[in-house]
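What follows is a short report on a single structure.
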Amino acid sequence: MSGRVILLGGGPGDPGLLTLKGAQALKQAEVVVYDRLVAPELLDLTSPQCERIYVGKQAAHHTMKQEEINAVLIEKARQGKVVVRLKGGDVYVFGRGGEEALALKQAGIPFEVIPGISSCLAGPAYAGIPVTQRGLAQGFEVVTAQDQTGSSDFLDFQRLAANPGTLVFMMGLSRLESLMQGLKKAGKDPQTPCAVISRATCADQRVLISTIGEVAQAARQREDLISPALIVVGAVSRLHHQLYSPSRGRVLVARVGDEQSELAKRLRMAGMDCDEVQTGRIRFLPVVVNKERLRQTDWLCFTSRNGIRGFFAALKAQRLDSRALAGIRIAVIGSGCAAELSKEGIQPEVVPQSFNSHQLSEQWLARLRPHHHVLLVQGRQASTQLYQAISAHARCWRLCVYDNEAADIVLPLKKWDLVAFSCASSVQRLLQSQPQLAHLRCVAIGPATSAALRRYGVAQIVEAPQSRMAAMAEVIEQLLEGRADHAAGESESDR
Ligand code: SAH
């Protein structure tokens with residue numbers, strides 16, 4: 001297939017603001033050429049084979065000159081690659097996207113444009129500022145505060161000051177004072193409301209609301225107003241005080257494995273700032289499922305998604321499939337496991353929602369008989385509590401199909417309202433390397449995780465009523481709204 005270029009607007013910073021079409025383009029990219037303003041999470045959507053080329057672009061010191069960027073796009077496309085040129089915000093709003101498009105046209109390279117949400121719209125929106133509002137602003141004008149040479153001389157302040165609509169300045173933070181001077185000299189009322197929006201739509205977005213007479217002085221006292229930033233001038237800026245809704249909370253989610261955690265996904269959807277820290281990596285073990293043992297098995301029990309993945313991978317490696325399990329009854333813990341199992345076309349007989357031995361005995365252990373054989377599939381680090389509970393009722397074999405190996409812990413420099421743990425190993429690894437987190441409120445998925453938190457001296461522990469991500473997300477939402485105050489239950493059993 002011949003090469004082509006997709007000029008893609010990646011949105012202003014919040015990765016959730018990428019378009020569906022943009023996500024599809026990133027998935028099929030063989031090369032991605034990206035800028036500084038692009039949300040790093042977007043690169044995670046590309047395949048592992050995709051070549052990533054950073055071309056920088058920072059005011060004053062461009063990492064790669066525009067001509068060089070154009071040359072890279074043309075060269076990679078000529079090699080037959082699908083090249084995604086990923087830019088911050090929208091492609092054609094001050095991003096020199098038009099120049100890139102012209103260069104591609106001239107070189108005869110096929111290209112496509114996928115617009116993005118520009119910061120000039122999303123920034124004010126996330127700051128609670130509608131750029132138009134009946135009675136306040138009948139329109140808006142987006143202007144750059146500097147040309148290619150870095151000069152502002154081209155700005156016609158008379159015309160800008162006479163515009164009764166909203167003004168949005170881009171690339172203007174370093175010129176804030178002279179911009180406001182220009183507007184005042186041209187007759188704009190110094191009391192005109194204005195806003196500075198720094199790192200709009202990102203987790204560390206900051207907003208300053210002031211007037212054009214005072215904003216320069218006020219901004220000097222705020223170290224957190226950093227680039228990229230927008231300057232909004234006009235009466236609509238004041239609506240911030242009524243319409244701005246700050247993030248619903250900041251949560252640190254400890255996760256095992258490379259994938260974005262299901263919990264983090266849910267929390268982000270609910271409007272929370274969520275950081276993830278990876279505490280472990282899953283390594284599947286080269287196990288052999290003993291066919292003879294399988295023939296004798298009455299019940300198969302899975303306690304985690306990874307257990308199911310590892311078990312079926314082992315079956316496949318032995319050229320077996322789900323028919324090898326015909327006649328065996330299956331118990332899984334939690335609906336996440338049930339969903340994973342359904343990918344294999346199998347519905348479990350029993351789905352207790354937690355490891356709590358009361359529920360287990362009601363729902364399942366009571367059905368076991370001494371002559372029953374149970375095959376318990378787990379990770380190597382799982383505690384032996386469930387094994388012991390089953391062994392009290394039936395014969396139990398334990399098959400470990402994966403290892404949860406410690407990962408190097410990399411923590412962003414931030415403050416969180418609470419930390420969420422979905423397994424005891426994460427507690428141990430994270431709190432050992434970051435003991436200061438023990439002072440925060442911690443949410444545990446179940447009793448074993450709560451017990452681990454107690455061992456590390458965490459005083460404020462809240463346990464999800466069921467061992468499920470949905471239940472955890474619900475508890476976290478309630479906590480951040482100040483509604484819940486559960487105490488952790490006693491440790492009864494573990495996965
Ligand atoms: N194509 C981009 C704009 C690129 S020019 C878009 O449509 O958003 C770079 C300028 O955009 C910055 O100087 C700043 O004024 C603005 N900008 C981009 N992302 C921003 C963000 N997250 N917060 C505030 N301003 C941003």
Side-chain angles (χ1 to χ4, degrees), residues 10-19 37 39 41 88-90 116-137 140 142 166-168 170 173 193-211 215 218-219 222-226 228-253 260 263-276 412 414-420 440-441 443 462 470 472-485:
D14 175 347
L17 292 180
L18 180 71
T19 60
L37 291 180
E41 291 87 346
D90 178 61
I117 296 183
S118 175
S119 63
C120 68
L121 290 172
Y126 268 47
I129 302 173
V131 286
T132 70
Q133 175 84 357
R134 209 145 51 103
L136 292 182
F140 63 94
V142 182
T166 305
L167 301 175
V168 180
M170 302 179 88
L173 187 61
C194 81
V196 178
I197 311 167
S198 160
R199 298 201 29 91
T201 79
C202 303
D204 53 349
Q205 164 178 300
R206 295 287 180 270
V207 183
L208 166 67
I209 304 292
S210 182
T211 59
V215 68
R222 290 271 303 264
E223 281 176 9
D224 57 348
L225 290 180
I226 54 171
L230 299 159
I231 301 159
V232 180
V233 174
V236 289
S237 307
R238 270 211 205 104
L239 288 172
H240 164 88
H241 298 301
Q242 284 154 276
L243 301 182
Y244 178 63
S245 49
S247 151
R248 297 181 59 201
R250 293 172 306 260
V251 182
L252 178 65
V253 174
Q260 178 185 189
L263 177 61
K265 225 184 270 180
R266 284 173 188 267
L267 296 178
R268 289 190 182 113
M269 295 281 283
M272 285 170 223
D273 281 345
C274 195
D275 290 298
E276 293 179 70
K414 271 202 204 164
K415 290 196 165 75
W416 295 278
D417 299 311
L418 56 83
V419 193
L440 297 179
R441 221 163 6 164
V443 174
V462 179
M472 268 187 106
E474 220 165 273
V475 164
I476 291 170
E477 275 191 65
Q478 288 172 2
L479 281 171
L480 292 175
E481 280 165 21
R483 283 194 274 126
D485 199 12

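- Taking each heavy atom of Ala200 and Leu230 in turn, the nearest pair found is CB-CD1, 4.5 Å.
- Nearest heavy-atom pair across Leu243 and Gly128 is CB-O, 3.5 Å.
- In terms of heavy-atom proximity, Pro193 sits nearest to Ala235 at CG-CA, 3.8 Å.
- Within a 6.0 Å sphere centred on CZ of Phe140, heavy atoms belonging to other residues, nucleotides or ligands number 12 at most.
- Residues that satisfy the salt bridge (Lys or Arg N to Asp or Glu O under 4.0 Å) test with Asp14, not counting sequence neighbours, are absent from this structure.
- Looking at Glu474 and Arg266, their side chains never come closer than 4.5 Å, going by heavy atoms from C-beta outward.
- A 4.5 Å side-chain heavy-atom check between Leu480 and Val251 finds at least one atom pair inside the cut-off.
- A donor-acceptor pair under 3.5 Å links the side-chain atoms of Ser198 to the main chain of Ile226, judged by distance alone.
- The two residues Ala195 and Ile129 come nearest to each other via the heavy atoms CB-CD1, 3.6 Å.
- Between the side chain of Asp275 and the backbone N or O of Leu252 there is no donor-acceptor pair closer than 3.5 Å.
- Checked against Leu418 for a side chain to side chain contact (heavy atoms under 4.5 Å, CB included), the options Val443, Val462, Val475, Val253 give a single hit: Val443.
- Nearest approach of Ala122 to Ile117, heavy atoms of both residues: CB-CG2, 3.6 Å.
- In terms of the salt bridge (Lys or Arg N to Asp or Glu O under 4.0 Å) criterion, residue partners of Glu276 (sequence neighbours excluded) are, by chain and number, Arg255, Arg268.
- Looking only at side-chain heavy atoms (C-beta outward), Leu121 and Val131 come within less than 4.5 Å of each other.
- The backbone N or O of Tyr126 lies less than 3.5 Å from a partner atom in the side chain of Gln205, making a donor-acceptor pair.
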